[in-house]
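By convention in this document, chain letters (A, B, ...) are assigned in the order of the sequence lines, proteins followed by strands, and residues within each chain are numbered from 1. Model, not experiment: these values are computed from the prediction.
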There are 2 protein chains.
Amino acid sequence: MFQSKFFSSKNLLDWNIEYNLGLQNRLLKKDELLLEAGQRCDYFYFVLKGFLRVYYLDIDGNEITHWFSPKDTTITSPFSYFNKEENILFIQALEETDVLLISSDQLNTVIENVPSANKEARKLLAEFAMTFSRRVMEIHTKTAESRYLKLMAEHSTIFQKAKLSHIASFLGITQQSLSRIRKNI
Amino acid sequence: MFQSKFFSSKNLLDWNIEYNLGLQNRLLKKDELLLEAGQRCDYFYFVLKGFLRVYYLDIDGNEITHWFSPKDTTITSPFSYFNKEENILFIQALEETDVLLISSDQLNTVIENVPSANKEARKLLAEFAMTFSRRVMEIHTKTAESRYLKLMAEHSTIFQKAKLSHIASFLGITQQSLSRIRKNI
DNA sequence: ATCGTTTTTTACCATAGGGTAAATATTTCA
DNA sequence: TGAAATATTTACCCTATGGTAAAAAACGAT
């Protein structure tokens with residue numbers, strides 16, 4: 001869900017030619033995994049087409065949705081990409097999806113060559129940070145019901161692509177609780 | 001709690017002289033506010049000495065602690081600083097505190113002059129993002145009790161400086177619940 | 001269209017944590 | 001050092017959400 005006018009498919013594909021980046025892309029079928037826990041994540045992914053879900057497993061093996069990434073957004077496993085920690089995130093395509101793979105080296109080439117790339121990269125990271133910062137606030141001040149309604153209002157596409165169980169764990173509740181909440185609306 | 005070897009008091013004070021930044025600092029008494037909701041936040045703060053708490057008010061006017069910022073860490077109101085949105089955060093000194101004020105312009109001067117500053121700034125932002133990303137995960141997978149124990153283990157200084165009510169709202173529970181949890185340990 | 005699979009809803013009781021209020025304990029400072 | 005203010009704990013009952021299980025609905029492949 002991190003969208004940036006600067007890191008757009010148009011710009012990325014232009015830079016790919018101009019700086020000879022050699023960007024690759026990857027096609028995913030519905031339900032196919034782009035990344036699995038345990039694998040290293042050496043790429044930033046840009047979603048050219050389709051829809052991704054990021055999840056991890058809790059101690060009982062339940063899938064907890066951490067994030068959704070629609071068309072024209074970027075996604076990665078930050079713990080693995082930035083910190084070289086063991087990756088715990090799964091990234092799954094919820095429909096036929098096409099992603100652009102951008103390695104650290106390729107990103108650095110862009111940053112070294114494109115004047116405003118540095119600032120824009122910081123902006124994207126700040127956006128990432130504020131989104132999760134805000135999410136902690138919402139968890140601490142709003143009921144599951146109002147978080148559900150807000151998600152509906154702001155990201156209605158999610159409801160077309162994801163299962164309710166995906167959305168429930170994203171909201172931090174069980175599928176049954178979400179079902180109950182929906183009934184009361 | 002965002003600490004960086006690069007953005008250290010030594011480096012900041014060296015750069016202050018080298019690039020003639022004109023950095024100012026501000027001394028705060030115990031309980032004094034460095035920032036209030038509604039005020040613009042034009043600075044990154046570096047805590048030279050002391051201990052800060054970041055909080056906001058929920059709809060009923062309760063203070064919800066969002067973050068703690070001990071000595072040698074940086075803090076700001078990201079919504080206001082990065083996005084120029086209306087600031088909703090209060091930053092309060094929990095003891096006598098001395099902070100260094102770093103404006104956007106001053107930070108840009110550092111970034112333009114110090115070769116690795118760009119990368120380090122991105123690193124700090126990534127750290128910020130991952131911390132809150134991880135916090136959402138913990139809220140979704142761990143009980144209040146285990147989050148409390150983790151905080152105790154990893155940030156024991158907080159327990160010397162902050163009130164239990166501050167810690168309770170940081171964990172997303174009431175003071176009474178925290179008290180109950182402590183009793184069971 | 002139909003059978004089998006998957007997803008969603010419903011129903012039941014259990015539990016963590018909330019809200020209010022009062023009782024202690026601790027701190028502050030005259 | 002003692003009174004007042006502040007912080008913490010305790011106790012009560014209440015509510016939102018969890019866990020298990022089963023029913024109902026929707027989806028998908030033949």
### Query
Taking the six-membered ring of B:F170 as reference, does the NZ or CZ atom of B:R135 fall below 6.0 Å from its centre and within a 45° cone about the axis?
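B:R135 over B:F170 ring: yes.
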
Under a 4.0 Å N-O cut-off, is there an ion pair linking [X] with [Y]?
X	Y	answer
A:E112	B:K119	no
B:E95	B:K71	no
A:K29	A:E96	no

Would you say [N] has OP1 or OP2 under 4.0 Å from some side-chain N or O of [X]?
X	N	answer
A:K30	D:dC27	no
A:S177	D:dT17	no
A:R182	C:dT9	yes
A:T174	D:dT17	no

Figure out the [atom1]/[atom2] separation between [X] and [N], and round it to whole Å.
X	N	atom1	atom2	answer
A:L171	D:dG18	CG	P	11 Å
A:I139	C:dG17	CD1	P	14 Å
A:E63	C:dT6	CD	P	14 Å
B:H140	D:dT17	NE2	C1'	13 Å
A:F159	D:dA26	CZ	P	18 Å
B:D31	D:dA5	CG	P	17 Å
B:I185	D:dT8	CD1	P	16 Å
B:N184	C:dA16	CG	P	10 Å

#### Entry: Residues from residues 89-98 of chain A lying under 4.0 Å of DNA chain C - heavy atoms
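Result for residues 89-98 of chain A: none.
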
### Query
Bend across the helix from C:dA1-D:dT30 to C:dA30-D:dT1, to 10°, with axes taken over 5 pairs at each end?
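It comes to 50° between the two terminal axes.
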
### Query
Using the ring of each side chain (for Trp, its six-membered ring), is A:Y43 parallel, tilted or perpendicular to A:Y45, with breaks at 30° and 60°?
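Geometry flag for A:Y45 against A:Y43: tilted rings.
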
### Query
Between A:F44 and A:Y81, does the ring centroid distance fall short of 6.0 Å?
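A:F44 vs A:Y81: aromatic centres under 6.0 Å.
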
Answer with yes or no whether the side chains of [Y] and [X] bring together a donor and an acceptor at under 3.5 Å.
X	Y	value
A:H140	B:S169	no
A:R53	A:T65	yes
A:S103	A:Q106	yes

Which listed nucleotide ([options]) is nearest to the side chain of [X]?
X	options	result
A:R180	C:dG18, D:dA21, C:dC12	C:dC12
B:I181	C:dT9, C:dG17, C:dA21	C:dG17
A:L164	C:dT6, D:dG18, C:dT9	C:dT9
A:Q175	C:dG17, D:dT10, C:dT9	C:dT9
A:I173	D:dT17, C:dT8, D:dA21	D:dT17

#### Entry: Residue whose nearest DNA chain C nucleotide is more 5′ - B:R147 or A:S165
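Whichever sits nearer the 5' end wins; that is A:S165.
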
### Message
Should the side chain of B:Q176 and the base of C:dT20 be counted as holding a donor-acceptor pair, with the cut-off at 3.5 Å?
### Response
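Under the 3.5 Å cut-off, the side chain and the base do form a donor-acceptor pair.
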
### Message
Other residues, nucleotides and ligands only: do more than 12 of their heavy atoms fall within 6.0 Å of CD on B:Q24?
### Response
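Atom CD in B:Q24 is not crowded, with 12 or fewer foreign heavy atoms closer than 6.0 Å.
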
### Task
Name the nucleic acid region contacted by B:S179, choosing base, sugar-phosphate or nothing; use a 4.0 angstrom heavy-atom cut-off, strictly under.
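Base contact.
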
